[in-house]
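Every number for a ligand or one of its atoms is a count from 1 in the order of the listing. Since the structure is predicted, the reported quantities are computational estimates derived from the model, not experimental observations.
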Amino acid sequence: VGAILRNRSGMIPYPMPSSASVSAAMRGNRKRDTRPELGLRSRLHRLGYRFRVNFGVRVQNRIVRPDIVFTKARIAVFVDGCYWHSCGEHGTTPRTNSGYWRPKLERNVSRDREVDCLLTSSGWSVIRVWEHLAVEEATTRVQRALLGNRASRPRPNRHSLSRQTAVAAGT
Ligand SMILES: [Zn+2]
């Protein structure tokens with residue numbers, strides 16, 4: 001239980017009302033806009049990277065919603081919650097109601113792998129970072145994936161450059 005109490009969300013999970021748990025299951029229990037996710041997004045943004053948030057990627061007639069999407073580079077980033085996605089360090093199954101939670105968490109993990117397969121087989125790169133990862137490290141991992149991909153390099157001067165070009169052309 002100690003591991004669950006240390007969970008970043010600060011909540012001890014319990015079975016939710018059925019309608020809520022159904023919709024949570026459909027989302028793959030992904031919580032949006034968590035602190036680690038916001039931290040990574042703002043850092044990447046400050047570095048000049050531009051990406052989509054809450055963007056539905058259509059792969060093989062399914063819609064996948066990674067946490068951060070670089071559409072041109074076809075890079076999908078997921079910030080996985082330690083509890084929901086069973087991180088090796090913090091993802092323990094609660095003793096109470098384990099008959100409910102264990103299969104649920106196992107389904108999450110197999111859904112994650114399924115999503116990975118869907119995306120990679122459609123030419124996407126998938127990056128998964130644990131929510132416990134320091135934001136600097138998570139950023140580095142994303143940057144490393146973006147390296148060599150021209151479409152996704154930071155382009156803070158893109159607009160001023162095109163304006164200069166326009167002026168030079170006398171328009
Ligand atoms: Zn963790």
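Geometry at the Zn ion (ligand 1): SG/Cys82 and SG/Cys87 form an angle of 120°, nearest 10 degrees.
Summarising the geometry, atom CD belonging to Glu131 is positioned 12.5 Å from atom CG belonging to Leu40; distances are rounded to the nearest 0.5 Å. How far CZ of Phe51 is from CG of Asp67: 11.0 Å, rounded to the nearest 0.5 Å.
Summary: ND1 is the N/O/S atom of His132 found nearest to the Zn ion (ligand 1). Within His90, the N/O/S atom positioned nearest the Zn ion (ligand 1) carries the name ND1.
Arg43 is listed as a side-chain neighbour of Glu136, based on a closest heavy-atom distance under 4.5 Å.
A salt bridge links Glu37 with Arg41: at least one charged nitrogen is closer than 4.0 Å to a carboxylate oxygen.
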